[in-house]
Asker: 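Before I ask anything, here is the structure I am working with.
In each ligand, atom 1 is the first atom listed, and ligand 1 is the first ligand listed. Along the sequence shown, the residues carry numbers beginning at 1.
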Amino acid sequence: MREIYARRISSLPPYLFAELDERKKKAEKRGGDIIDLGIGDPDLPTPSHIVEAACHAAKDPSNHRYPSYEGLLSFREAVAAWYNHRKHVTLDAEDEVLTLIGSKEGIAHSAFAFLDPGDIALVPEPAYPVYNNAVVLANSIPHSVPLTEENEFKPDLEGIDKEVARKAKIMFLNYPNNPTAATVEKSFFEGVVDFALDNDVIILHDNPYSELTFDGYASPSFLAVDGAKEVGIEFNSLSKAYNMTGWRIGFAVGNPEILKGLRMVKTNVDSGTFQTVQVAGIAALAGPQDCIKRNVEIYRERRDILVEGLRSAGIEVKKPKATFYLWAKVPQVRDFASSPSIQFSLFLLERAGLVVTPGIGFGEHGEGFIRLALCVTVERIKEAGERIKGLNL
Ligand SMILES: *Cc1c(COP(=O)(O)O)cnc(C)c1O
């Protein structure tokens with residue numbers, strides 16, 4: 001029989017979490033009490049005033065028809081006001097804001113908007129896998145830009161091969177970062193703008209964790225830097241800040257010409273975001289913001305407990321200033337030499353009933369680390385910490 005799948009499908013990297021998933025299911029079948037620290041998906045409900053707004057909007061027949069491609073103007077105005085207020089960035093709601101069906105949708109479609117087959121995209125690594133895989137699906141070439149511990153998980157822009165940098169069409173960035181939980185200051189983005197201008201590279205900054213920050217740290221928007229709007233756009237999302245992952249709503253903001261490209265792809269692929277969900281989005285962005293403060297306080301408490309648990313078990317981990325992840329080092333005490341992050345993840349599953357994500361699942365440079373998501377209750381976090389201590393590594 002002839003090959004049924006397009007080459008772009010077979011070119012996707014293997015699903016590295018498959019084996020772990022398999023083993024998790026087996027462990028659960030055996031009756032194991034599994035604590036899942038693998039999934040970065042808020043366990044907390046969407047705040048009720050947002051749900052109420054959606055219930056109300058769902059009853060209005062004018063919301064039942066096809067939405068506009070770029071999204072409700074009222075939603076885009078709410079985004080612009082929110083960016084102005086929280087990020088000190090001025091946006092024109094008409095042509096500098098684009099509604100997305102979750103930011104993942106916009107990230108993936110960007111590859112089709114800006115890359116021709118054979119074009120180069122600069123992709124940080126380790127990273128959210130969608131950047132690399134969208135480039136692969138567009139028959140283009142991801143060029144890995146390592147994020148190393150020595151460089152605080154920031155890309156070494158000077159270290160990128162000059163010819164590659166000049167040829168590259170786009171660059172993905174993401175701070176606060178998933179999976180490393182690294183954060184940056186505004187000065188980092190100033191360097192990024194210079195790099196983009198020097199090399200004529202479009203910057204696509206992914207910022208879904210912008211509100212989940214701790215200990216007085218405020219994460220800067222890429223667009224808050226002079227010149228950023230000339231070279232790029234920023235993706236943001238209601239998923240993580242407002243516990244709305246299931247609703248599928250996000251947005252892209254910034255350079256109108258770049259947004260137009262993304263919009264052109266979307267016009268031909270999807271038909272916009274359900275208006276009821278956009279109305280819920282307005283309730284989130286324009287409503288009371290104390291729900292974010294509550295979320296941050298919940299994640300901070302979980303973070304502190306799990307960091308303590310890991311450290312007292314001899315596992316090296318930095319206390320992050322943002323995101324709901326911990327990026328911990330695979331300890332050297334046992335023989336995990338051949339594939340440390342996978343072997344240690346399996347060890348934690350089998351010996352402690354803990355699901356964590358092996359760093360290598362985010363790219364080769366993620367090797368040597370595991371990612372733990374703080375999306376279970378504080379009781380379960382405490383239990384996870386106890387179990388790790390009990391391993392006597
Ligand atoms: C969760 C996440 C997203 C996706 O968010 P949605 O808006 O739900 O699609 C995008 N980028 C990163 C880095 C994420 O962790």
Asker: Can you tell me which portion of F172 lies within the under-4.0 Å heavy-atom range of ligand 1? Options are side chain, backbone, both, or neither.
Answerer: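 Neither part.
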Asker: Provide the number and element of each atom of ligand 1 under 4.0 Å from a heavy atom of S239.
Answerer: 6 (P), 7 (O), 8 (O)
Asker: For ligand 1, is there an atom lying under 4.0 Å from some heavy atom of S237?
Answerer: yes
Asker: Below 4.0 angstrom, N of the basic side chain to O of the carboxylate: do K382 and E379 qualify?
Answerer: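 Answer for the salt bridge query: no.
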Asker: Please state which option from K240, K104, M244, R248 has its nearest heavy atom closest to atom 2 (C) of ligand 1.
Answerer: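 Of the listed residues, K240 has the closest heavy atom.
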Asker: Show me which atoms of ligand 1 lie under 4.0 Å from any heavy atom of G102.
Answerer: 7 (O), 9 (O)
Asker: Should you measure from each heavy atom of Y131, which atoms of ligand 1 turn up under 4.0 Å away?
Answerer: 13 (C)
Asker: Whether E28 and K25 form a salt bridge (side-chain N of Lys/Arg under 4.0 Å from carboxylate O of Asp/Glu) is what I want to check.
Answerer: no
Asker: Is NZ or CZ of R371 both nearer than 6.0 Å to the six-membered ring centre of F362 and within 45° of the ring axis?
Answerer: no
Asker: Closer than 4.0 angstrom: is that true for some heavy atom of G40 and an atom of ligand 1?
Answerer: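 False for this residue.
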Asker: Which heavy atom of the protein is the closest neighbour of atom 13 (C) of ligand 1, given with residue, atom name and distance?
Answerer: D206 OD2, 3.3 Å
Asker: Record the part of S103 in heavy-atom contact with ligand 1 below 4.0 Å; permitted values are side chain, backbone, both and neither.
Answerer: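 The part of S103 near ligand 1 is both the backbone and the side chain.
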Asker: Do any heavy atoms of N174 fall under 4.0 Å from ligand 1?
Answerer: yes
Asker: Looking only at heavy atoms, what is the nearest atom pair of V136 and P142, with distance?
Answerer: CG2-CG, 4.0 Å
Asker: Salt bridge check, K293 against E211: does any charged N sit closer than 4.0 Å to a carboxylate O?
Answerer: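 Here E211 does not pair with K293 in a salt bridge, since their nearest N and O are not under 4.0 Å apart.
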Asker: I'd like to know if K24 pairs up with D36 as an ion pair, taking the criterion as any Lys NZ or Arg NE/NH1/NH2 lying under 4.0 Å from an Asp or Glu carboxylate oxygen.
Answerer: yes
Asker: Taking only Lys NZ, Arg NE, NH1 and NH2, and the carboxylate oxygens of Asp or Glu, determine whether K186 and E190 approach each other closer than 4.0 Å.
Answerer: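 Salt bridge absent between K186 and E190.
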Asker: Number the atoms of ligand 1 from 1 as they appear, then name those within less than 4.0 Å of a heavy atom of Y209, with their elements.
Answerer: 1 (C), 14 (C), 15 (O)
Asker: Taking only Lys NZ, Arg NE, NH1 and NH2, and the carboxylate oxygens of Asp or Glu, determine whether D43 and R380 approach each other closer than 4.0 Å.
Answerer: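 No, no charged N to carboxylate O under 4.0 Å.
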